Number of protein chains: 2
Amino acid sequence: MVTIKDVAKVAGVSIATVSRVIHDGHQVGEACRARVKKVIAELGYRPNSNARALVSKTTNTLGVVTPKLSMPFFGSLASGVEKGARENNYKLLMSNSLYETKSEQEAIDSLRDHNCQAIILHSEYSDEKTLLKLANEIPGLVLINRYMPAIANRCVWLDNVAGARQATDYLINRGHKNFAVITSIYQNGDPGFRLQGIRESLKLAGLHLAEAAIEESTANMEGGEQAVQALLNKGIQFTALLAYNDLMAIGAIHALFAAGLRVPEDVSVIGFDDLIVSRACRPRLTTMHYPVEEMASYATKLAIQLSDTSIEPENRTHLFIPQLVERDSVADAPESRG
Amino acid sequence: MVTIKDVAKVAGVSIATVSRVIHDGHQVGEACRARVKKVIAELGYRPNSNARALVSKTTNTLGVVTPKLSMPFFGSLASGVEKGARENNYKLLMSNSLYETKSEQEAIDSLRDHNCQAIILHSEYSDEKTLLKLANEIPGLVLINRYMPAIANRCVWLDNVAGARQATDYLINRGHKNFAVITSIYQNGDPGFRLQGIRESLKLAGLHLAEAAIEESTANMEGGEQAVQALLNKGIQFTALLAYNDLMAIGAIHALFAAGLRVPEDVSVIGFDDLIVSRACRPRLTTMHYPVEEMASYATKLAIQLSDTSIEPENRTHLFIPQLVERDSVADAPESRG
DNA sequence: GTGAAAGCGCTAACAC
DNA sequence: GTGTTAGCGCTTTCAC
């Protein structure tokens, strides 16, 4: 390994001079700087980032904690963070929290050990108190997809209620009157807000949503299938189905066709997230676009900014709005057709 | 920040003793150890990993370079690496190479700066010479999804030829005689090997594959659609379609239905990779399972092992075989049905 | 069993 | 402009 000493020796200068040259120091003589640069190139010298971090206490390292990278949603999130990190010349440390409080905590701790100045956290399980404490200890901590009023300016989140309302309104405008909803068994967080949005819109339109028309299941394809089967078994009549997310929506479409129902002719289905899968199913899924990647990049820049405590943080929150993506899984209500 | 000195002071011992306690040192007195441990817990002391890395020259850090995390395939790869890293108590540094030689190189360099002892590299663009040089400099470098004879024992790869043969044979056994293939315009690497496998199997079965029945396009859904449209426009007759990957296969299914052809009744379609999307489309896609996540975990352990130059590396390569996953997009050939 | 001390590679005063 | 020097927090001999 070639160190700053080696460079200094070969170039016939002191290590301080080499250090200055590296830091674009304009306080070094022309000729000298050129010589040092040449030696650096020849020797292939690369500063040791550990030594640098140790003394300067600034690591230019950013950490991200998500449940599981193999889930396309989190892959996109990670990709957005990576982009933000790269653009700011930060290194990216990554940790899966595996949907567990304990490993979530471990993941965060390990990032802290590594002196991450900025951390992007997608936390589903830690309680508010823990998060608040953490936020207090780490200025560069930003929460993504979670809103906590006490640290509103550290939250980058999506307006799930508005998104769900938009989806519901769209269906209402298409003439639908008979709704069913499939949602996650875990009603804290996103699922709860989306359901709330659905309820609000329906109520405003004077439409009734029976409790029996809301089916809970796991938030994946299988869950979507099962939920629809349950709905059908109960004899619920519906022409419009709102799914908690794309995966459930796709499972629903499978189950609907298996039951001899056509999408969108008999039943319109709408998803949420706009993952790649939504373009893979047939019919292509109409859904609410969740700009995760963009939000993640944004959160990254915010985290880096906040980690510099010398600048006063803005006192505002960071709210994104989902957009409707019209594809082929929604049609006008059968009864309203010519 | 609480340092080892703080702990030593509070516990009334020297920093050396604290260090020993941390390292499970059994060379510390019972009472003393207990006291130090208590202080560590009380103060919430966590060793500074930079300082540690600096002196011990062992960072326990692993880097991974993939084109883009938002692609489900690479998300899975990253997830596998994360698992391997976590199990070995390694930290994970991540870099996107964005499908460009230059950023691929930058990504690798940045990992080196950070003293990664082990690196998992999914390289599509760097040439063999560059890779060889790199492998030479970094003992813990492992190539995933690329085979280079000169460093065979550093390669974790998939037998694409065998996979393609298996897929083709399966179709042949189902009575198909008229084949078409849609593949990537980039024929270096995986696409070339898969096409080779297809050709071998067909030839062995005495079946002819006209050049016109091979259509090249981009390796995504749109590419799959376009390729099938081109095939259809040319008037190619086929009952079996082999797609380079799942995405192309799904695009193909869309195009086939759009043209009034049913899958699998009129045309059987087979994919490759077994991404989540393959379970999202209708009919569900029969495909070759690519065990990326498993391979990535394996590669990670291998890289960590290789990075320890004190142990002699095994002189063998690491080859994985894809597995056929039967779902609903393949049926017996129409002409062979009762 | 425990402490003192050297030093990992680097940055940042502080001299000259 | 350039060099000297004091650490950053830690591990690791080497004494005692």
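From a predicted model like this one, the values you see are computed outputs, not experimental measurements. Lettering follows sequence order; numbering is per chain, from 1.
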* Asked: Whole-Å distance between dC16(C) P and Q27(A) CD?
  -> 18 Å
* **Axis bend over the full length of the helix from dG1(C)-dC16(D) to dC16(C)-dG1(D), computed from five pairs that close each end, to 10 degrees** => 40°
Using atom types as modelled, flag every donor-acceptor pair under 3.5 Å from a side chain in residues 80-91 of chain A to any protein atom, sequence neighbours excluded.
unit_1: E82(A); atom_1: OE1; unit_2: R86(A); atom_2: NE; d: 3.2
unit_1: E82(A); atom_1: OE1; unit_2: R86(A); atom_2: NH2; d: 2.5
unit_1: E82(A); atom_1: OE1; unit_2: N96(B); atom_2: ND2; d: 3.3
unit_1: E82(A); atom_1: OE2; unit_2: R86(A); atom_2: NE; d: 3.2
unit_1: E82(A); atom_1: OE2; unit_2: N96(B); atom_2: N; d: 2.7
unit_1: E87(A); atom_1: OE1; unit_2: K301(A); atom_2: NZ; d: 3.3
unit_1: N88(A); atom_1: ND2; unit_2: G84(A); atom_2: O; d: 2.9

* Only counting residues at least two apart or in another chain, list the ones meeting ring-ring contact (aromatic ring centres under 6.0 Å, His included) with Y45(A). => none
* **Qualifying residues under ring-ring contact (aromatic ring centres under 6.0 Å, His included), relative to H114(A), sequence neighbours excluded** => none
* Rounded to the nearest Å, what distance is computed from the CZ atom of residue R20(A) to the P atom of nucleotide dT11(C)? -> 12 Å
* Structure fact -> Residues at least two apart in sequence or cross-chain that pass salt bridge (Lys or Arg N to Asp or Glu O under 4.0 Å) with K9(B), listed by chain then number, are none
* Asked: Which pairs, with at least one residue in residues 59-85 of chain B and sequence neighbours excluded, count as a ring pair (Phe, Tyr, Trp, His ring centres under 6.0 Å)?
  -> F73(B)-Y290(B), F74(B)-H122(B)
* If you measure only the distance, is there a donor-acceptor pair under 3.5 Å linking the side chains of D113(A) and S110(A)? -> no
Between protein and nucleic acid, restricted to nucleotides 8-11 of chain D and to nitrogen or oxygen atoms under 3.5 Å apart, what atom pairs and distances do you find?
unit_1: dC8(D); atom_1: O3'; unit_2: K57(A); atom_2: NZ; d: 3.0
unit_1: dC8(D); atom_1: O2; unit_2: V55(A); atom_2: N; d: 3.4
unit_1: dG9(D); atom_1: OP1; unit_2: K57(A); atom_2: NZ; d: 3.2
unit_1: dG9(D); atom_1: N2; unit_2: A51(B); atom_2: O; d: 3.4
unit_1: dC10(D); atom_1: OP1; unit_2: Y45(B); atom_2: OH; d: 2.5
unit_1: dC10(D); atom_1: OP1; unit_2: N48(B); atom_2: N; d: 2.9
unit_1: dC10(D); atom_1: OP2; unit_2: I4(B); atom_2: N; d: 2.4
unit_1: dT11(D); atom_1: OP1; unit_2: H23(B); atom_2: NE2; d: 2.9
unit_1: dT11(D); atom_1: OP1; unit_2: R52(B); atom_2: NE; d: 2.7
unit_1: dT11(D); atom_1: OP1; unit_2: R52(B); atom_2: NH2; d: 3.3
unit_1: dT11(D); atom_1: OP2; unit_2: S19(B); atom_2: OG; d: 3.0

* To do: Would you please name every residue forming a ring-ring contact (aromatic ring centres under 6.0 Å, His included) with F193(B), sequence neighbours left out?
  => none
* Structure fact -> Contacts of R146(B) meeting side chain to side chain donor-acceptor pair (under 3.5 Å) (sequence neighbours excluded), chain-then-number -> none
